[in-house]
Protein chains: 2
Amino acid sequence: MVESKITVEKREIDNPVIETPSVTVDIVIFTIKDDELLVLLIKRKANPYMDTWAIPGGFIQVREKLHEAALRELKEETGVQNLFLEQLYTFGNPDRDPRKRVITVAYYALVSYDRLKPKAGCDAKEVNWFNVKDLPSLAFDHSEIISIAQERLCSKLDYSNVVFQLLPKEFTLTELQKVYEIILDRKLDKRNFRKRILSMNLLKETNKTKMEGYHRPAKLYSFKEDLHN
Amino acid sequence: MVESKITVEKREIDNPVIETPSVTVDIVIFTIKDDELLVLLIKRKANPYMDTWAIPGGFIQVREKLHEAALRELKEETGVQNLFLEQLYTFGNPDRDPRKRVITVAYYALVSYDRLKPKAGCDAKEVNWFNVKDLPSLAFDHSEIISIAQERLCSKLDYSNVVFQLLPKEFTLTELQKVYEIILDRKLDKRNFRKRILSMNLLKETNKTKMEGYHRPAKLYSFKEDLHN
DNA sequence: TGAATAGTGTCTTTCAGACAATATGCC
DNA sequence: GGCATATTGTCTGAAAGACACTATTCA
C-alpha cells in the first residue's frame, strides 16, 4: 500500500517496462460420489498447457470482490450458489505461468453432488470430476493448490461443520460418518463418532427413517442451522 | 487460470477499458516491548490517505515471489531477516483503494524487539510502533487486516512455537509466559503453563541462570530447534 | 431364523484447569 | 530474617479412543 521510493526505483531498473501482474481466482471444488472425494477439473483449450487439466478459475472483474469472483466461477461450473466457499491461499511465484506474471487467489468449495447442474450445458468445455487420489498431470501449480486445499479441508473437519454441505438435507449418521472417512481417508469408530457429533448439538433428529436394503432402517437427521463454517 | 469465454465477454461489457488490478504485499509486523503487543505503522506521505498511518507494504516486483516481497518489505522496515513470516489473507474488495483496484496479499510477522535496526535510518519516513490495543485511525482496510492478524496470532499460539521469535536466544519461563499473556491478553496459571510448555519438548534447559533483582534467579532456557511454525 | 446394518455404554487415558506451599538468592 | 520471585504436584472434570453386543427390518 505504501509506495516506497526504493521499490519504485528497483522496479524501473529491473524492468523498464511497467508490467503489472494479472490476478485470477482459482477454485478447488470438492464433492463426494461413490465413496470417493472428487475434484472438478477442466481441460484447457488454449496455451499454455493446452489440453492439460486444470482447476476452474478466471480473471477477476473490475468491480467484483474476490469472494464474488470465486462464487461466479463456481456457479458457472457447477450451477450451485449456496455452499461452503473459503479463501485458501494466494499463489504468486513469478514463474508459475510461463506467459506472464499471474497471481492467483485460490479458494476451495464443497458441493453436494446431487445439487450439481447437469454437466456442462451449452459450453463445449471438457469438464470432469477426478478422484483426488488419482489426479492427472495438471497445469501450472494446480497440483500443489489441490493438495493444500485437501489438507485444509481435513483440518477444518475437526472444528467446523463444513462437511454438511456435501450431504442432502436429510441424512443418516452412517452417511455422515462415511463423508468424514472419505475426506480423512481412514476408518472411524462408529460409537465414538456418533458420540462426538451428537454432542456438538448441531443435528436435529427427524422422525423419518431411511430404508436401504433388507435390514434395520436408519434415523434421518438434519442440521439445526445453516451456519457453515 | 482457465480463460473462459464468458468471463472475457462480461468484462468487456462491464468495463470496456481493460483495467488490471495492482497487487501489493502488506505486512503486519508485531513485536513486544514493555509488556505491550506493538504493531509497526508508517505515516503515508502521499494520497490517498496522506498523513494517515498504515501498515508497511508495497508493490511486488516482477521477478519476486510473494513471500520474498514480504521479506523485502520487512527488511526495509526493521532490518531483520530471519523471523516468522506467514501469509495471512488476501484482501481485494474493489473499493478498498479509492484510486484504483488494488489487491493486497497480507502477511504477518513476529520480530524480537531487540533485534530491530535502529529506527528509520536514512529515509525520512515517519515510522512508529503502536500498541495494538490503541491504534490510530488507519488507511485503507488496514484496521481489519491487523485485527485478523491478531486473531490468527492468538490461535497460532496453541499449536506452534512462533512466539519464540519474540524472545532472545535464552530466556526464562517467566519471560516466555509473559509473552503468551501479552498476546492473549489474559493471565495464565504459572504451574499449568510450565507443565504444558515443558511437555511440548521444545525447550532445552541451559545451565545458566538470570538474576534480576534481589531474589532467586531463574533458569535460562533455549529452543531445541529453529523450526518456527 | 438368517442376513445386514442400526444403535448403544463402559473403561481408560490424556489434557486442561483450579489451586498453595516451599526454595533460593540477596539485602 | 525479610523480601521477592522461582519452582513444584495434586485433584477434578472433560474429551478422545479402544472395544462388543443388542435391535430391527425384511427375505
Side-chain angles (χ1 to χ4, degrees), chain A residues 32 34-35 154-161 163-164 167-223, chain B residues 32 34-35 154-161 163-164 167-223:
Chain A
I32 285 186
D34 295 339
D35 296 352
C154 283
S155 59
K156 264 258 147 167
L157 288 193
D158 282 340
Y159 57 92
S160 83
N161 56 349
V163 100
F164 301 165
L167 288 162
K169 271 232 166 91
E170 301 187 332
F171 50 89
T172 69
L173 292 183
T174 302
E175 287 167 345
L176 182 60
Q177 182 178 344
K178 197 102 197 185
V179 171
Y180 272 77
E181 290 180 339
I182 292 165
I183 293 175
L184 295 172
D185 198 25
R186 64 188 166 89
K187 284 277 168 203
L188 298 174
D189 180 85
K190 196 202 289 191
R191 283 163 293 187
N192 294 336
F193 178 78
R194 290 160 112 90
K195 206 193 314 173
R196 198 164 59 84
I197 289 290
L198 291 174
S199 76
M200 285 181 186
N201 217 31
L202 295 166
L203 296 186
K204 206 165 47 185
E205 208 176 308
T206 69
N207 44 18
K208 303 179 205 159
T209 56
K210 178 173 186 175
M211 267 299 304
E212 209 172 16
Y214 307 142
H215 54 80
R216 176 173 179 173
K219 279 187 214 157
L220 283 167
Y221 289 79
S222 67
F223 301 112
Chain B
I32 285 185
D34 295 339
D35 297 350
C154 284
S155 59
K156 264 256 147 169
L157 289 192
D158 282 340
Y159 57 94
S160 82
N161 56 351
V163 98
F164 301 166
L167 288 163
K169 270 233 166 88
E170 300 185 331
F171 51 88
T172 69
L173 291 183
T174 302
E175 287 166 346
L176 182 60
Q177 182 178 343
K178 197 100 198 187
V179 172
Y180 271 76
E181 291 179 339
I182 292 165
I183 293 175
L184 295 173
D185 197 27
R186 63 188 166 90
K187 285 279 167 201
L188 298 174
D189 179 86
K190 198 200 287 191
R191 283 163 293 185
N192 293 335
F193 178 79
R194 290 159 112 93
K195 206 193 311 172
R196 195 165 60 84
I197 288 290
L198 291 173
S199 75
M200 284 181 187
N201 218 28
L202 297 166
L203 297 186
K204 206 164 49 187
E205 208 174 309
T206 70
N207 46 15
K208 303 178 208 161
T209 56
K210 178 171 185 176
M211 268 297 306
E212 209 173 15
Y214 308 141
H215 54 82
R216 175 173 179 175
K219 281 188 212 156
L220 282 167
Y221 289 80
S222 67
F223 302 111

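Throughout, protein chains are lettered first and strands after them, A, B, ... in sequence-line order, and every chain is numbered starting at 1. What you see below is based on every heavy atom in this structure, not just the backbone, and it leaves out hydrogens, waters and symmetry mates.
- In terms of polar N and O atoms assigned as donor or acceptor, the side chain of A:K210 never comes within less than 3.5 Å of the base of C:dT5 in a complementary pairing.
- Considering only the side chain of A:R216, C:dT5 comes nearest among C:dG9, C:dT5, C:dC19.
- Taking every side-chain heavy atom of A:H215 into account, C:dA4 is the closest of C:dA4, D:dC19, D:dA23.
- Comparing atom distances between the A:M211 side chain and each of D:dC26, C:dA6, C:dG25 picks out D:dC26 as nearest.
- A donor-acceptor pair under 3.5 Å links the side-chain atoms of A:D189 to the main chain of A:N192, judged by distance alone.
- How far NZ of A:K169 is from OG1 of A:T206: 13.0 Å, rounded to the nearest 0.5 Å.
- Closest to the A:Y214 side chain, of the nucleotides C:dT24, D:dA27, C:dC26, is D:dA27.
- A:R194 has a side-chain polar atom (N or O) that falls below the 4.0 Å cut-off from OP1 or OP2 of C:dG7.
- The residue among B:K190 and B:K195 whose nearest nucleotide of DNA chain C lies closer to the 5′ end is B:K195.
- Of all nucleotides listed (D:dG17, C:dC19, C:dG7), D:dG17 comes nearest to the side chain of A:N192.
- Counting non-hydrogen atoms under 4.0 angstrom, A:T172 reaches nothing in the nucleic acid.
- Side-chain nitrogen and oxygen atoms of A:R196 include none within less than 4.0 Å of the OP1 or OP2 phosphate oxygen of D:dA15.
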